[in-house]
Amino acid sequence: MSFIPRHTQDVPLLSAGIRRLEAQFRDHHGQDLDYSNIWWTPPLSPREAFILERSQIEKELGLPGLVSLTDHDNIEAGIQTESLGAPISVEWTVPMDPVFFHIGLHNIPRTIMPTLQQVTQDPRPERVAQVLSELNSNPETLVVINHPLWDEIRAGKDIHRARLNEFFTLYRPWIHALELNGLRSMKENMEVMRLAESLGLPAVSGGDRHGSEPNANVNVTDAETFPEFAADVRSGRSDIIFMNQYRKSLPLRMMRVICDALHENETSSWNDRVFYQGRKLSEIMGDRAPGVIGQFIAVVRVAEVFL
C-alpha cells in the first residue's frame, strides 16, 4: 500500500482522514505507519475475478469475453480458471538493479514456472534472454511489458528510464507489446503509447485490478480464441477501449481498491487478509481494527460523493 501517501496528498478530504488514521497508529505503537510493509490478499477468488472481467465485456460491450488473469510470479489464477477458458498466464518479475520490471506472460506452458522463478532469483541477461526466446518461439504466447514507465520503487525517473532502455536493448526481439494500464494515469499511458510507437510495438490493455472493479480498459478483437488474439497482437494489431470508470478520480479508485480488500466475504474476514510486517492485522490491532478501518471506509465513501 505504499501508493497511499502519494495518491492521497492532493485530495484534501481523503488526505485529512488518512492523516488522522496515521496519528492513531503513531499514538498506539510509538512509530510511523510503514505503508511499504502493508499488503493484502485479494477479496475475490481467481474464478470470481475471471467472471467479473468477462461479465463486464459481455454486458457493457455485448461481446464474448476472453480473459487472461496474472498473479505475481505464480500461475494459480490460470490453473483455477482454466476450465472457464482462461490461458495459463503470469506477471513475471525481472530485476534490473536497482529496479525491476513486470512482464505479462500469457498462454504459457505451466512447466516453465519453476524456470521463471529461478531466473527472478538469478536474472543474468543471458538467462532472461533464453527464457524470452523460448517463449517467443511459441506463436500462441504473448509477452507484454506491464506498466513500463511506472517507477514502482521510486528509484527516480532517470534511473528507471535508463534501466528500461537497457531492458529493451537486451530483450526487444522477444517483446510483443506494452501495456496501457487501467490504474495508471492517462498522462503516463499516453507516454507509453509514444514509447510503443518508437519501438515499433503495439499497446494492449491491462491493469493492476486487485479489488472488485473490473479493469478500466479492454481490447476489442474479432479473434475467437486467445491464441488468435496473441497472433493479432504479435502482428501489430491491437484496438483498445477505455471504460467509463477510467474517467473517475484515480486516487479515489485506488482507495476503493483498499476498501474492497477490507470488506468481509464468504470465505475470510478482511482483517485476516490484510498483513503488516508479515502479521495479520487481526493479530496486531485486535478489537480496535474494525473501528479504525470503518473510519477509513467512511472517509472514502464521503469523498466519492464530493469528488
Side-chain angles (χ1 to χ4, degrees), residues 1-3 6 36 39-42 46 49 53 67-78 86-108 112-125 127-129 131-132 135-136 141-157 159-172 174-185 188-189 191-193 195-196 199 201-211 215-217 219 230 233 238 240 254 257:
M1 293 188 182
S2 58
F3 61 84
R6 298 196 302 273
S36 66
W39 69 93
W40 71 90
T41 55
E53 296 293 351
V67 178
S68 178
L69 295 180
T70 60
D71 279 336
H72 289 280
D73 301 302
N74 78 77
I75 56 174
E76 286 303 312
I88 301 294
S89 303
V90 67
E91 186 167 15
W92 179 37
T93 302
V94 178
M96 290 190 74
D97 189 51
V99 305
F100 55 81
F101 297 104
H102 286 149
I103 317 302
L105 306 177
H106 302 267
N107 200 28
I108 62 174
I112 201 172
M113 197 61 235
T115 300
L116 296 176
Q117 292 171 332
Q118 291 168 10
V119 174
T120 294
Q121 297 302 315
D122 181 15
R124 284 173 287 171
R127 301 191 74 198
V128 176
V131 168
L132 291 174
L135 291 167
N136 180 70
T141 293
L142 193 60
V143 179
V144 180
I145 309 302
N146 294 344
H147 43 70
L149 295 181
W150 182 17
D151 178 15
E152 193 166 351
I153 67 167
R154 307 183 79 177
K157 182 177 180 179
I159 293 175
H160 179 87
R161 191 56 183 263
R163 291 295 180 270
L164 182 63
N165 291 339
E166 181 182 352
F167 185 95
F168 285 118
T169 297
L170 291 169
Y171 311 123
R172 167 61 183 85
W174 307 295
I175 305 302
H176 305 139
L178 305 187
E179 177 200 61
L180 299 186
N181 189 292
L183 271 176
R184 303 301 299 165
S185 69
E188 181 175 304
N189 280 327
E191 291 179 4
V192 172
M193 287 280 289
L195 175 61
L199 293 166
L201 291 170
V204 297
S205 62
D208 290 293
R209 186 212 50 77
H210 296 293
N215 200 48
N217 59 9
N219 268 78
V233 174
S238 178
I240 301 171
M254 300 191 80
V257 171

Review point. When the aromatic ring centroids of H160 and F167 are compared, is their separation below 6.0 Å?
Key: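 No: the rings miss the under 6.0 Å criterion.
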**Study point:** Partners meeting ring-ring contact (aromatic ring centres under 6.0 Å, His included) with H102 (sequence neighbours left out)
**Key:**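 H72, F100, H147.
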Check your understanding: Residues in ring-ring contact (aromatic ring centres under 6.0 Å, His included) with F168, at least two apart?
Key -> none
Partners passing side-chain hydrogen bond (donor to acceptor under 3.5 Å, both in side chains) against [X] (at least two apart in sequence or in another chain):
X: H176; result: N136
X: N146; result: E91
X: T115; result: none
X: D71; result: none

For [X], side-chain contact (heavy atoms from CB on, under 4.5 Å) partners two or more places apart:
X: E166; answer: M96, R163, L170
X: N189; answer: L180, N181, R184, F242, Y246
X: S238; answer: P202, V204, N219, I240
X: A162; answer: none

Review point. What residues form a salt bridge (Lys or Arg N to Asp or Glu O under 4.0 Å) with R127, not counting sequence neighbours?
Key: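 So R127 forms a salt bridge (Lys or Arg N to Asp or Glu O under 4.0 Å) with D122.
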Review point. Mind checking what makes salt bridge (Lys or Arg N to Asp or Glu O under 4.0 Å) contact with E76, not counting sequence neighbours?
Key: none
